[in-house]
Structure formats: C-alpha cells, structure tokens
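Naming convention: chains lettered A, B, ... in sequence-line order (proteins, then strands); numbering from 1 in each chain. All figures in this text were calculated on a predicted structure; none of them were measured in a lab. In what follows, every heavy atom counts, from backbone to side chain, and hydrogens, waters and symmetry copies are set aside.
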There are 2 protein chains.
Amino acid sequence: MTSSNVEAQIRGRLTEAGIRYTDGRRQVVAALMNAQGPLSAAELHSQIADSVPLSSLYRSLAVMADADVLAPHHGTKGITRYELAEWLAGHHHHLVCVDCGAVDDIELPPRLESTLHDLVEAVAESGEFAAAGHALEVVGRCKACA
Amino acid sequence: MTSSNVEAQIRGRLTEAGIRYTDGRRQVVAALMNAQGPLSAAELHSQIADSVPLSSLYRSLAVMADADVLAPHHGTKGITRYELAEWLAGHHHHLVCVDCGAVDDIELPPRLESTLHDLVEAVAESGEFAAAGHALEVVGRCKACA
DNA sequence: TCTGAAAATGAGAATCGTTCTTATTAGTGT
DNA sequence: ACACTAATAAGAACGATTCTCATTTTCAGA
Ligand SMILES: [Mn+2]
Ligand SMILES: [Mn+2]
Ligand SMILES: [Zn+2]
Ligand SMILES: [Zn+2]
C-alpha cells in the first residue's frame, strides 16, 4: 500500500468518526510511517519538535488509537509506543530490546502465522477467553545495546 | 517442582547474591505461586494487606526482579505485573485482556514451542539482534469483561 | 555472646509519563 | 457570515513507581 493510500484510508476512517485529520496528526502519522517500529510520545515529540506540544501529541495519540488508526504497545518503564494499526501497516511482530526498550518490526513466515492463528481459534473455542488476536515478541538485545 | 523446592531455589539464588529472603519477600513469592498469572504491586498489596507497605513491596519486587527471581510483564496503563522467573515457574505464555488488563498463564503445544524456539535461533543468527527468547500474548477479552 | 558491617524497612517526598481542565482557536456545513 | 463542533495548548493534576533517609534487622566474625 502506498504512503498516500494509507493517508487516504486514515482520512476516511477519521472522517466517518467525526474526527479531523489535522496537521499535527498528519505529522504523527508521517513519523510513524517512516519508523521501523512503534514510537513513544517522547520519541515523536523529539522529531516533530516545536510544531506539536506534548499535551496535544498525547491527545492525538489517544484519539487516533481510539479510532483504531493507531495501536499501542506497552513497553518497559510505563512507556507506551504507538504504531499504525494492523489494517494499515499489515500484520507483523516485534523484536524488543530488554535493555533499552527499543522495538523493531519483524515479519514471520506465513506458516508460523497460520499456526498462531489456529492457536487463537482453539483458545477462542474453549470458551474461557474471547481470544481475538496474537502478539509475538522476540526478546533480546538490540545492536546498540549489544 | 514442589512449592518448597521453589522456595529453596529462590533462597539459594538470593543468598548467593547477598540478598536476604525476608518475610515480606516470602509473602510476595507465596502470593505469586498461588496466582494463575502475573500480579501488580497493587494486586499483591491488597492480598498481603497490612504486613508489607507499598514502598517496601515495590523495593522487594525490584530487587527480586534484578536477581532474576521475578520477571516483569508490562501491561496497559503503565502497570507492571510480576511473576516467578521462567527457571522457577516453567516456560509459558499469556492470555491478556485488552479491556481490564488481566493476565492469565497459558501453555503452548510443544510443537509450537519448538517452532518459536527455532524462529528465535534464526533471528539470532542473522546478527542484527541478539535474540534470547520469545513471549507470545493471546489477546482478547476475559470472562469478566465478556 | 558481643559487635560492627551490610541489608532491609517504612514513611514520606519526589519523579515522570500521562491525563485532565479550560479558555481559545480552527474547521465544517449551511 | 453563522452556528456548531472539534482541536489546540498551557498548565494543573494524577497515579504508578522510585527515591531519601532515619531506623531496625540480620548475619558473620571476634
Ligand atoms: Mn510494529
Ligand atoms: Mn505467566
Ligand atoms: Zn537496546
Ligand atoms: Zn478483562
């Protein structure tokens, strides 16, 4: 999916929810599209610099996550990182550095995805838990933390 | 592994690190051994009630996590839940409720574990990321949140 | 058994990511 | 242009967690 296509999808989703796709929100989306993993409010703020204050940034992240345009990832030290939702970025998983908390995207072989999908279905059918999806983290140390 | 065996392992590990296995810490461990998933400081505090103040509880959790006796799980709303480390509780995975944040343990079929293990090895061999383990979350809604 | 070093405790202050409040500004449809 | 709704932004407030520090406990050696 092209970058402008994603933007169009986002605009559509937000519009139909009565949410405006403002400049600050476009900057957030642009930063996330260029990233290779979810970013925290602080990380986004350091990129977007002076054009979006932290309070507005947090609000935009919450609003867009609520509209299912962004998806949160809960990391170490109570830090929440956001990425484009699956229907926009595609389904994938993460490499998580246990040292610095950095998160990188990773794709799994289709065969493994299929196995995981089956597992979720099996759990759902047990009736004890309304399983809806899965998230795999490969944990270790990133290159920077060697 | 029996419950008293686990306690002995913990005592050994702490002792060799110069850390004392005090009564408050024993209570934390006991609560975690009875739980079916990781517990937060607040959840533990409501069980251990008046015998361990929050500040001491947090400190004990940090100390024992540092000694690799406990393992942290980072959930929604900046809430960290702790469980016994893998070498004590056995390797397993989690059901995570997207609504209330509750976490329950789940075991995977050995075949799937083996596949995941192989994935981690493959990632490690790529040299880009020192992969050491994996964590799978089956996400959905718990019975209480239906 | 004393005794001193090391570790733990506990109360409260402080931190810090995040959320809320509120007055003001901007966007959208008529 | 008007009315209505949503967004912005500065700062206060919040809450989970961490820190400080004076006191108490534990343990090893004398
Ligand atoms: Mn991702
Ligand atoms: Mn667990
Ligand atoms: Zn790292
Ligand atoms: Zn729930």
Practice task
Please find out if less than 6.0 Å separates the ring center of B:His73 from that of A:His74.
Solution key: no
Atom pair distance, as rounded to whole Å: [atom1] in [X] and [atom2] in [N]:
X       : N      : atom1 : atom2 : value
B:His45 : D:dA16 : NE2   : C1'   : 14 Å
A:His74 : C:dT18 : NE2   : P     : 10 Å
B:Ile79 : C:dT18 : CD1   : C1'   : 13 Å
B:Leu61 : D:dT18 : CG    : P     : 9 Å
A:Arg59 : D:dA13 : CZ    : C1'   : 16 Å
A:Asp66 : C:dC20 : CG    : P     : 12 Å
A:Met64 : D:dA7  : CE    : P     : 11 Å
B:His73 : D:dA16 : NE2   : C1'   : 17 Å

Handout entry: Residue A:Ala41, side-chain heavy atoms: nucleotide from C:dT28, C:dT18, D:dT8 that is nearest
Key = C:dT18
Problem - Among C:dG27, C:dT19, C:dA8, the nucleotide that comes nearest once only the side chain of B:Arg25 is considered - result: C:dA8
Completion exercise
The residue among B:Leu39, B:Asp105, B:Val103 that forms side-chain contact (heavy atoms from CB on, under 4.5 Å) with B:Glu83 is B:Asp105
Practice task
For B:Arg20 and for B:Ala62, locate the closest nucleotide of DNA chain D by heavy-atom distance; then report the residue assigned to the nucleotide nearer the 5' terminus.
Solution key: B:Ala62
Exercise for the section: Mind checking A:Ser60 for me? I need base, sugar-phosphate or nothing, with any heavy atom below 4.0 Å counting as a touch. Expected result: sugar-phosphate
Exercise for the section: Remember a base hit wins even if backbone is also touched, and classify B:Leu54 as base, sugar-phosphate or nothing at under 4.0 Å, heavy atoms. Expected result: nothing
Are [X] and [N] close enough that a side-chain N or O sits under 4.0 Å from OP1 or OP2?
X       : N      : result
A:Thr80 : C:dT18 : yes
A:Thr22 : D:dT8  : yes
B:Tyr58 : D:dT17 : yes
A:Ser55 : D:dA7  : no

Handout entry: Side chains of B:Gln27 and B:Asp23, donor plus acceptor under 3.5 Å
Key = yes
Practice task
Determine the sole option in B:Arg141, B:Lys77, B:Lys143 for which the salt bridge (Lys or Arg N to Asp or Glu O under 4.0 Å) test with B:Asp99 is passed.
Solution key: B:Arg141
Problem - salt_bridge(B:Glu43, B:Arg81) N-O dist < 4.0 Å - result: yes
Handout entry: 5'-most by nearest nucleotide on DNA chain C - A:Lys77 or B:Gly18
Key = B:Gly18
Exercise for the section: Using the closest heavy atom to pick a nucleotide of DNA chain C for each, name whichever of A:Arg81 or B:Pro53 lands nearer the 5' end. Expected result: B:Pro53
